[in-house]
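Just so we're on the same page: letters track the sequence lines, and every chain starts at 1.
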There are 2 protein chains.
Amino acid sequence: MLTIGKLGEAAGVKVPTIRYYEQIGLLPEPERSAGNQRLYDAKAHDRLAFIRHARDLGFPLEAIRDLLSLSDKPDQSCAAADIIATEQLAAVEARIARLTALKAELERMITQCAQGTIADCRVIEVLSDHALCAEDHRAKTGSGGAV
Amino acid sequence: MLTIGKLGEAAGVKVPTIRYYEQIGLLPEPERSAGNQRLYDAKAHDRLAFIRHARDLGFPLEAIRDLLSLSDKPDQSCAAADIIATEQLAAVEARIARLTALKAELERMITQCAQGTIADCRVIEVLSDHALCAEDHRAKTGSGGAV
DNA sequence: CCTAATGTCTCTAGCAGCTATAGCTTCAAG
DNA sequence: CTTGAAGCTATAGCTGCTAGAGACATTAGG
């Protein structure tokens, strides 16, 4: 049986985060010691590792909740899990595309900012003027996704 | 003179977001009409476009605040702006690297999830087991950065 | 000129996904 | 047996918005 601190260490998750996951129902309420401290078993560790890992991969907590509920009924088709992963893949590809354009833009800005004063510095100009953009940022108006 | 709605439309920023930027001091308080409605000029539009564009490029509001303060005193060296852009470039490159690894992982998961039941489904298995990882997610423990 | 439909106003609360603080209790080592 | 770390609950804060309530302003049509 692990205390919350040991569990956090083992799974690479901070202690308050574990309590937070319990609070929002991602982790079940664990046993308590005589002194009211949480005690976790190996199953809890696995579940937490699953969550941690999925978070690392960029899954939002809601998707993780879905995946966990799927894994609780292992006789069903995994199509649903596949859909969740596929959606994540699309989101990730979109982010990569955007970041790559962004990288080019920043490199261009930095190259052009060659020891002048801000008056000549295109960093600000590039950011002010849509027409100077290599990429069309306007396309994503309203999507508001994380970059 | 533009009303807040027209300005938002022109700059691709939602109305409450404009008011939010004003509230946190990124935009100056504009003139008001006789009926107390905000009225913006072309300068305000440029500044908002600057902010919008920088947000699109992934700059946090604090960096934007710095850039704006630089642009307010254009006689200084652009070295500071360059530093900000360079920092952002590094962050962007790190994000791209992480997302690319993540993409490979998701593709692997999806390929392995071949219409079976969840019991055989590797999506969940892959997420449960660190040892199956192509990439070392453990390295970034504690950084907690956006993906 | 009047009315109805927008648009705008302020204020407050909420979202994700944690993180930090305060003030207490419990546990393990020396 | 004491002390210091680790645990407990509860609450508030963070970023960058977004949504709602309820009241006033503006504009287009009849």
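- Rounded to whole Å, atom C1' of C:dG7 lies 11 Å from atom CD1 of B:Ile4.
- Between A:Gln23 atom CD and C:dG17 atom P there is a gap of 14 Å when expressed in whole angstrom units.
- Contacts of B:Glu22 classified as salt bridge (charged side-chain N to carboxylate O under 4.0 Å, His left out), with partners at least two apart in sequence or in another chain: B:Arg38.
- One can place CD1 of A:Ile64 at 12 Å from C1' of C:dA16, the figure rounded to the nearest angstrom.
- Taking 4.0 angstrom as the limit, B:Thr17 places a side-chain polar atom (N or O) nearer than this to OP1 or OP2 of D:dT18.
- For A:Arg65, the salt bridge (charged side-chain N to carboxylate O under 4.0 Å, His left out) partners are A:Glu62, not counting sequence neighbours.
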Exercise. Does the side-chain contact (heavy atoms from CB on, under 4.5 Å) test come out yes or no for B:Gln37 and B:Ile4, once each step is laid out?
Worked result: CA-CA 8 Å; B:Gln37 301 195 348; B:Ile4 196 169; over 6 Å; no
N/O contacts under 3.5 Å, protein versus nucleotides 22-26 of chain C?
none

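- Relative to the side chain of B:Tyr21, the nucleotides C:dG17, D:dT18, D:dC17 differ in distance, and D:dC17 lies closest.
- Between the P atom of C:dC11 and the CD atom of B:Glu22 lies a distance of 12 Å, rounded to the nearest Å.
- With sequence neighbours left out, A:Pro16 forms a side-chain contact (heavy atoms from CB on, under 4.5 Å) with A:Lys14.
- Which of D:dC8, D:dG16, D:dT18 sits closest to the side chain of B:Leu61 comes down to D:dG16.
- Taking side-chain N and O atoms only, B:Arg19 has no distance below 4.0 Å to OP1 or OP2 of D:dA19.
- Residues that satisfy the salt bridge (charged side-chain N to carboxylate O under 4.0 Å, His left out) test with B:Glu29, not counting sequence neighbours, are absent from this structure.
- For B:Glu62 and D:dC14, the CD to P distance is 12 Å, given to the nearest whole Å.
- Side chain of A:Arg38, nearest nucleotide from D:dC8, D:dC17, C:dT8: D:dC8.
- Out of D:dG7, C:dG17, C:dT10, the shortest distance to the side chain of A:Thr3 is found at D:dG7.
- The CD1 atom of B:Ile51 sits 15 Å away from the C1' atom of D:dT15 (whole-angstrom rounding).
- For A:Tyr20, whose side chain is taken as the heavy atoms from C-beta onward, the closest listed nucleotide among C:dT10, D:dG16, C:dC18 is C:dC18.
- Scanning for salt bridge (charged side-chain N to carboxylate O under 4.0 Å, His left out) contacts around B:Glu31 gives an empty result, with sequence neighbours left out.
- The separation between A:Lys6 atom NZ and D:dA5 atom P is 14 Å, rounded to whole Å.
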Problem set entry | Test log, rule side-chain contact (heavy atoms from CB on, under 4.5 Å), inputs B:Ile64 and B:Phe50 | CA-CA 9 Å; B:Ile64 295 171; B:Phe50 178 102; 4.2 Å; yes
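- For A:Lys14, a side-chain nitrogen or oxygen approaches OP1 or OP2 of C:dT19 to under 4.0 Å.
- Atom CD1 of A:Ile18 is separated from atom P of D:dT9 by 13 Å (rounded to the nearest Å).
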